[in-house]
Amino acid sequence: MDNSMSDVLNVSEMFGKNVFNDAVMRDRLPKSVYKKLKKTIEDGAELDPSIADVVAHAMKDWAIERGATHYTHWFQPLTGVTAEKHDSFISAPSDGKVIMEFSGKELIKGEPDASSFPSGGLRATFEARGYTAWDCTSSAFLREDAIGVTLCIPTAFCSYKGEALDKKTPLLRSVQAVNEQALRILRLFGNTEAHKVTPSVGPEQEYFLVDREKYLKRRDLIYTGRTLFGAPAPKGQELDDQYFGVIRERVGAFMKDLNVELWKLGIPATTQHNEVAPAQHEMAPIYSMCNLAVDQNQLAMETMKRVATRHGLVCLLHEKPYAGVNGSGKHNNWSIGTDTGENLLDPGDTPNENMQFLLVLSCIMRAVDRHADLLRQSASCVGNEHRLGAQEAPPAIISIFLGDQLDDVVSQIVSNADSIKLLTSSGLDTGVSTVPVIKKDATDRNRTSPFAFTGNKFEFRMVGSSDSIADANTTLNAIVAESFCEAADELEKAADFDSACTKLIHDMMTEHQRIVFNGNGYSDEWVEEAERRGLPNLRSMVDAVPALLTPKAEALFTKFGIYTKAELEARAEIMYETYAKVLKIEAKTMTHMAGKHYVPAAITYTTRLAESITAVTAACPQADLTVQRELLEKVSLRLTAATKALNSLTELVEQVDAMEDVKEMALAYHDQIVPAMAALRKPVDEMELLVDKSIWPVPTYGDLMFEV
Ligand code: ADP
Ligand code: MG
């Protein structure tokens with residue numbers, strides 16, 4: 001009892017301890033300054049530069065009291081991970097002494113140069129200036145690690161000309177767009193109280209843990225974050241005994257430590273459990289406003305990696321660390337809500353009569369159907385290639401899952417039913433209260449849908465575990481803003497709002513009903529059915545990149561000032577470039593491992609076998625040596641195959657790497673190198689099952705997944 005009481009107290013005490021949050025600002029800033037800053041944070045009013053010095057001063061004092069020596073503008077370049085350059089607070093020494101300083105200018109603007117980040121041609125080297133600018137809507141925080149305590153200031157990162165070089169800037173622009181357009185919809189329904197509509201996001205983060213010593217023996221894990229070789233262990237995930245299973249002590253100690261670190265950073269980590277694959281786990285925070293959720297997810301990923309090392313573990317965020325068992329994703333739960341506490345995706349008890357909800361739903365159906373290609377693209381990253389459209393879920397085809405009840409409502413609307421009835425099937429025992437009923441349907445019954453309605457939010461399940469969720473949310477916000485905008489344009493000029501709105505809902509649902517699919521998204525039949533419906537099936541990241549460059553995408557993103565044409569082109573180029581680079585590293589890691597580890601091990605083994613055959617024959621000429629001879633032959637055959645595959649992969653990489661055009665190069669990596677990598681893996685994995693374990697040079701799948 002005592003124990004649990006003190007635990008509770010500790011959590012509330014430690015939560016947000018390292019965040020320069022609203023309470024700290026209220027406490028430490030002069031009232032007028034606090035009010036002005038708050039206006040910027042909440043209403044998007046332009047930041048008054050005159051208050052910057054005061055805020056910076058308070059922030060510095062607060063940070064220094066907690067041991068901070070340095071500050072950094074923390075930003076999110078197009079690498080998908082975060083970046084930082086630290087500066088100390090110390091002034092130029094005078095009389096051999098320093099004082100600690102931090103000005104408003106240093107808070108608001110940084111010029112890290114940072115010219116080596118991918119810019120997709122947005123920054124020529126002669127105009128290499130890059131700026132970071134304070135995003136006061138995401139709180140500054142203190143990071144404690146081996147370096148000491150660092151004050152981290154979330155920032156946007158732009159070129160000299162103001163073009164976005166990061167993931168935050170477009171995201172913030174998209175948040176603004178959805179706010180403006182959603183407010184127009186609310187006003188049409190007579191809502192004059194709400195002043196702001198914000199998307200909220202709760203990302204469920206999956207990850208693997210592996211013993212650090214074993215990890216360090218695998219160059220593939222070190223260089224690429226995933227295994228490039230490895231025969232399946234005798235046991236995988238077939239018994240489902242890991243999923244939601246009892247958490248092992250060492251993993252539990254990691255989770256406990258992780259929670260403490262996340263809570264101190266104000267990240268409301270709440271859910272933790274074992275996932276489907278051995279050594280796979282999940283952490284989910286309570287949702288927060290979109291921009292903050294994106295930052296906090298980046299921070300959570302960094303924290304997971306750091307905390308893991310304290311426990312002699314490594315946290316693998318790669319989408320597919322091991323072949324043959326589930327990979328990791330990030331379910332991006334998304335909804336939109338008002339500052340007055342209304343969730344626009346809440347159907348209420350009677351969604352069939354809830355005109356506003358039905359309009360919002362039909363707008364989302366139109367958005368997702370029209371921009372299925374962009375949404376799929378937004379979840380593309382190289383690691384996700386092994387999940388989307390590959391052996392694993394969710395499929396690369398975008399569809400919406402609504403659950404039986406809403407699906408039925410949509411069907412009735414489409415078929416012009418006189419009055420829309422609410423389906424209450426016998427399986428749904430709670431009867432009246434609609435939200436829990438829908439939740440029951442939606443969450444469990446269809447885990448195969450990439451975009452599932454789950455009660456009062458959509459769950460976009462395609463995002464990769466290592467990827468930033470910024471792109472996915474930027475796209476979601478943008479496509480929904482566009483759809484809202486068109487609806488508002490039409491309805492604002494309607495003479496009879498009710499009938500115009502009813503007609504619009506009917507028309508949108510009819511036109512876009514093809515995007516709704518409640519069946520098994522993993523089945524082959526769905527692939528065929530989706531093709532009949534005309535839904536795009538972009539299997540690979542390289543197939544998805546062109547979605548950024550269509551006139552439709554340009555019209556969407558430029559309309560709301562989210563991306564310029566140049567920014568879109570830059571992003572497409574970076575996607576191709578990244579794909580080619582990652583594949584090159586993977587291919588080279590494979591040739592390295594095959595040449596340095598596997599081939600020599602196989603030679604040692606076959607030589608020993610041959611020597612023992614000679615020795616045994618000498619000692620006992622009539623001894624039966626069939627087993628040894630067969631083994632020798634089997635391993636030798638695979639050794640030959642592996643060496644051939646190794647040589648052709650090496651040659652191919654040289655050829656492809658010499659290509660000039662990045663798109664062509666990415667396609668060549670996809671079409672030629674990927675199969676060549678598989679061809680090398682096969683004989684090596686087969687040898688692993690034949691060769692003496694004491695000679696095998698690296699830990700096996702069994703060692704990695706079952707000895708954590
Ligand atoms: P699941 O059945 O998918 O596990 P949960 O209710 O546990 O559903 O929610 C998963 C995630 O969705 C959590 O991060 C949760 O905070 C988030 N979530 C819940 N409501 C919303 C919302 N309105 N907007 C965004 N995310 C939400
Ligand atoms: Mg979920």
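Side chains included, hydrogens not; waters and symmetry mates left out as well; all remaining heavy atoms used. Atoms within each ligand, like the ligands themselves, are counted from 1 in listed order.
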Item to check | L344: which of L186, L361, I185 passes side-chain contact (heavy atoms from CB on, under 4.5 Å) | outcome: L186
Item to check | Check: G245 main-chain N/O paired with N274 side-chain donor or acceptor under 3.5 Å | outcome: yes
Item to check | Short side-chain to backbone donor-acceptor contact, N384 and M462, under 3.5 Å | outcome: yes
Numbered atoms and elements of ligand 1 in range of [X], under 4.0 angstrom, heavy atoms:
X	answer
P285	13 (C), 14 (O), 16 (O)
I286	16 (O)
E459	3 (O)
S335	22 (C), 23 (N), 24 (N), 25 (C)

Next on the checklist: Does ligand 1 come near enough to A284 that some N or O of the ligand is less than 3.5 Å from an N or O of the residue?
Outcome noted: no
Item to check | Under 3.5 Å: N/O of Y287 near N/O of ligand 1 | outcome: yes
Item to check | N343 to ligand 1, any heavy atom closer than 4.0 Å | outcome: yes
Item to check | Carboxylate-amine/guanidinium proximity below 4.0 Å for R533 and E529 | outcome: yes
Next on the checklist: Ring-plane angle category for Y563 and F557, please: parallel below 30°, perpendicular beyond 60°, tilted otherwise.
Outcome noted: perpendicular
Checklist outcome for this item: ring pair (Phe, Tyr, Trp, His ring centres under 6.0 Å) with W74: of F157, W134, F141, only one passes, and it is F141
